[in-house]
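Here's the structure we're looking at; comments come further down.
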2 protein chains.
Amino acid sequence: MAKEITIYDIAKELSVSAATVSRALQDHRAINANTKRRVITKAEEMGYRSNQFASNLRRRKTNTLGVIVPRLNSHFVSTALAAMEKIASDAGYNIIISQSMESGAKEIMNAKTMFENRVDGLIVSLAYDTDSFEHFEKFAGKGIPVIFFDRVFDGGDIASIVIDNFRNACDITKHLAEQGCRRIMHITGNLKRNVYSERFNGYKQALAEAGLPWTNDLLLETDLSEKAGADAAEKIMAMPQKPDGIFVANDICAATCMHVLQQNGFLIPNDMAVAGFNNDPVSRIAEPNITTINYPAHQMGELAATYMINHLTGAASIHTTNKIILKSELLIRASSLRKK
Amino acid sequence: MAKEITIYDIAKELSVSAATVSRALQDHRAINANTKRRVITKAEEMGYRSNQFASNLRRRKTNTLGVIVPRLNSHFVSTALAAMEKIASDAGYNIIISQSMESGAKEIMNAKTMFENRVDGLIVSLAYDTDSFEHFEKFAGKGIPVIFFDRVFDGGDIASIVIDNFRNACDITKHLAEQGCRRIMHITGNLKRNVYSERFNGYKQALAEAGLPWTNDLLLETDLSEKAGADAAEKIMAMPQKPDGIFVANDICAATCMHVLQQNGFLIPNDMAVAGFNNDPVSRIAEPNITTINYPAHQMGELAATYMINHLTGAASIHTTNKIILKSELLIRASSLRKK
DNA sequence: CATTGCTCCGCAACCGATTGCGTTTTTTAA
DNA sequence: TTAAAAAACGCAATCGGTTGCGGAGCAATG
């Protein structure tokens, strides 16, 4: 627990002022090259470590990005985060991460913490039940940039990065219809969130275009967990008029649902065509492989972080754009392919 | 970009000293309940947010935990992190996360950043090629606790949380042998890391106990990625003397390997019994389900964080213990079950 | 009434780096 | 040789809370 050494200690040792040491350490141009060398060497020698707080306090910035996600342990989220961390780290930014656990209340607390910790920017994917934008308005008020990704607010002029959920859902549903499905069911998450409501709308649109009727019993709102998939399968089997195709809003849930159906004698894709969403590894491992949407999680994380950092460094402003739609495409696999 | 308001502003407004405001905000006992109420109300009203740096600077602590992991986007890591974040968050700690990308060099840089950011504690899972302990010694020197989890240093008296890799590998190999496997192959990661070397040793031990010979060609060292699994399958098919069982050190790799073998006509488990490690979701979705080890990722994260925080709050010292071994057990599934 | 003991609050010195402005020294120009 | 400009560095204020110590006010005790 040795004494922490400061620029003052270095200054004393070298008989220069602390100001000079500070400037030398930052490679300030008004400091003689030779002096810089001496300072840096001495700092090294004395085991100096800069104190970020003092620095942050004085400069009024933290070089830290805050990220709030619904949960860390999903393939999509962790992939996006991995990309963000890389970009941020390369640019000299730290990231602090917190999870809302799908709870709006927790999200509000997280936002507060980020706010008090003075993050330079905030990147968010919303919880299931977030209704209000209030807890993010504080940031805007202080000029702190906020970017949403994946799960964003429907309206408004807030910077957000998304994929075209509507169109993807449309494509996937259309594909199922083309494969001969006549009763296509949709299993999804909380319809309050854009990602799910848009997919739902795309699905209905495609049904309409294909001349297929839609009824209430074809929609199942769940939490999209592994277990939800199994439960959904049970429900389907109990349905008086069973569907012949399912479009699930995520792969994990699609996989378990499909699995249970198979165990109960359903043949995939002939008795039941299945499609998921995300291109999660499980979609490539489930047998048959699951038709899905290739969700560019990595690119999305990369873009969010890059965009944020460019804005912070003044290279480009967030305010000039407010929505970026990433490309994502349908991956047709065996779980839905009836015709050769 | 309104002016940031401080305790001094509140103090002036209320005609009390900044010290009183500070104390009131912390619910200090030497402040009158009524005064506290006034301060808190006023703070709210003025839109005050405390400045953590100033606070950190003064108290010389950050309420921040650093976490360094090889990569974020693995099921095991993200699950452990999710648990850590929850514990930390509940205890009022933030976590900053960085990934070494399996590179020792990057890990050193990450450690440096964490060091300069004055994390109160550091939780680490090592990169593939970390040889040295140096970059963590600085922390010990300053009295900053460091805990390793999963991938730890072999020797030494550093606090670490692990599972019994040796025993698990032993169990799994023994199980394969009991199912009639005579040539059991092992596909693993970098043997420099404890987790893989221990599993390798356990595997060999079990082979020896079962009276099965081991030869060099039964070991395949890979990066355990999805692709590595497929490559491994190709290699196996090219082997003059093929194995009849495989023990893979992670489930993702096991799943893809198994999948490719199946596509090439292998019957699982009869032609080839397969076992993985981790109890990743894919192990439950692959067909047949993959025999694996139930790795308590959540508990491990929870424990690491709890342990760290207890140490920081003085509730219990890290130094009294140096290794915790979590319980983890064999989950026998269809991919290896030949006998009923 | 004097003394003791609380309760409640203010003073002022930190924590460590940053930076505007001024001063000294050196270099260049005239 | 001297004035002007540039280079190099120091002074001291500042960022915003925190906290040891001391003091005022007031009630309780003897």
Side-chain angles (χ1 to χ4, degrees), chain A residues 1-40 42-43 46-64 92 113 115-120 142-143, chain B residues 1-40 42-43 46-64 92 115-118 120 142-143:
Chain A
M1 207 91 66
K3 181 188 172 301
E4 207 57 71
I5 84 115
T6 72
I7 55 170
Y8 296 96
D9 301 322
I10 300 180
K12 193 173 300 172
E13 202 79 8
L14 255 38
S15 303
V16 296
S17 74
T20 300
V21 174
S22 172
R23 292 195 176 102
L25 257 18
Q26 312 175 52
D27 204 23
H28 194 285
R29 92 184 87 80
I31 299 292
N32 186 287
N34 188 43
T35 309
K36 281 181 192 168
R37 209 184 339 273
R38 287 174 58 222
V39 169
I40 291 171
K42 179 60 77 176
M46 298 177 71
Y48 167 79
R49 64 165 167 167
S50 86
N51 186 323
Q52 292 297 325
F53 316 141
S55 172
N56 289 343
L57 176 58
R58 184 55 223 244
R59 340 173 93 122
R60 299 156 151 285
K61 74 180 293 257
T62 60
N63 266 64
T64 299
T113 306
F115 192 60
E116 298 199 332
N117 272 69
R118 301 284 210 274
V119 294
D120 288 341
K142 301 280 185 195
Chain B
M1 208 90 67
K3 181 188 171 301
E4 207 57 73
I5 84 117
T6 72
I7 55 169
Y8 294 96
D9 300 322
I10 300 180
K12 193 172 301 172
E13 202 79 8
L14 256 38
S15 303
V16 297
S17 73
T20 300
V21 175
S22 172
R23 291 195 176 102
L25 257 17
Q26 311 176 54
D27 205 23
H28 193 284
R29 93 185 86 77
I31 299 293
N32 185 288
N34 188 43
T35 308
K36 280 183 194 168
R37 209 184 338 274
R38 287 174 57 225
V39 169
I40 291 171
K42 180 60 79 176
M46 297 178 71
Y48 167 77
R49 62 166 169 169
S50 86
N51 187 323
Q52 292 297 323
F53 317 141
S55 171
N56 289 342
L57 175 59
R58 184 56 224 244
R59 339 174 91 122
R60 299 158 151 285
K61 75 181 294 254
T62 61
N63 266 65
T64 299
F115 192 60
E116 298 200 331
N117 271 69
R118 303 281 211 276
D120 289 341
K142 300 280 183 193

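Chain A is the first sequence line, chain B the second, and so forth, proteins listed ahead of strands; every chain is numbered from 1. Quick caveat, the model's predicted, so the values are computed rather than measured.
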Gap between atoms CZ and P, on Arg118(B) and dC15(C) respectively (whole Å):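 The answer, rounded to whole Å, is 13 Å.
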
[X]: which residues meet the side-chain hydrogen bond (donor to acceptor under 3.5 Å, both in side chains) condition with it, sequence neighbours left out?
| X | value |
| --- | --- |
| Lys61(A) | Asn63(A) |
| Ser50(B) | Gln52(B) |
| Asp120(B) | Thr62(B) |
| Arg49(B) | Glu4(B) |

Nearest 0.5 Å, please: how far is CZ in Phe53(A) from CG in Asn56(B)?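 One finds 4.5 Å between CG of Asn56(B) and CZ of Phe53(A).
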
Nearest 0.5 Å, what's the OG1-NZ distance between Thr20(B) and Lys36(B)?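 Going from the OG1 atom of Thr20(B) to the NZ atom of Lys36(B) covers 11.5 Å.
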
Please list residues of residues 29-40 of chain B whose heavy atoms come under 4.0 Å from any atom in DNA chain C, ordered by number; otherwise none.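 By residue number: Ala30(B), Ile31(B), Asn32(B), Thr35(B).
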
By a strict heavy-atom criterion of less than 4.0 Å, which residues belonging to residues 54-63 of chain B are in contact with DNA chain C?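 Leu57(B), Arg58(B), Arg60(B), in order of number.
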
Any side-chain heavy atom of [X] within less than 4.5 Å of one from [Y]?
| X | Y | value |
| --- | --- | --- |
| Ile7(B) | Tyr48(B) | yes |
| Arg38(B) | Leu14(B) | yes |
| Val16(A) | Val21(A) | yes |

Pair listing, salt bridge (charged side-chain N to carboxylate O under 4.0 Å, His left out) test, anchored in residues 5-20 of chain A, at least two apart: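 Counting only pairs at least two positions apart or across chains, the salt bridge (charged side-chain N to carboxylate O under 4.0 Å, His left out) contacts touching residues 5-20 of chain A are Lys3(A)-Asp9(A).
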
Per the salt bridge (charged side-chain N to carboxylate O under 4.0 Å, His left out) rule, what does the pair list look like for residues 50-59 of chain B, sequence neighbours excluded?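 The answer is none; no pair qualifies.
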
Could you walk me through whether Asn51(A) and Thr6(A) pass side-chain contact (heavy atoms from CB on, under 4.5 Å), step by step? CA-CA 8 Å; Asn51(A) 186 323; Thr6(A) 72; over 6 Å; no

Axis-to-axis angle across the helix from dC1(C)-dG30(D) to dA30(C)-dT1(D), five pairs an end, to 10 degrees?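 Here the local axes at opposite ends form an angle of 40°.
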
Using ring-ring contact (aromatic ring centres under 6.0 Å, His included) as the criterion, list what pairs up with Phe115(B), not counting sequence neighbours.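 ring-ring contact (aromatic ring centres under 6.0 Å, His included) list for Phe115(B), sorted by chain: Phe139(B).
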
Please list, by residue number, the residues of residues 7-26 of chain B whose heavy atoms come closer than 4.0 Å to an atom of DNA chain D; answer none if no residue qualifies.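 Those residues are Ile7(B), Tyr8(B), Ala19(B), Ser22(B), Arg23(B), Gln26(B).
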
Residue of the set Thr35(B), Leu25(B), Asp27(B) for which side chain to side chain contact (heavy atoms under 4.5 Å, CB included) holds with Ile40(B):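 Filter result, single survivor: Leu25(B).
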
Nucleotides bounding contact with chain A, strand DNA chain D, heavy-atom threshold 4.0 Å: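 First-to-last contact on DNA chain D, by the 4.0 Å heavy-atom rule, is dA8(D) to dG16(D).
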
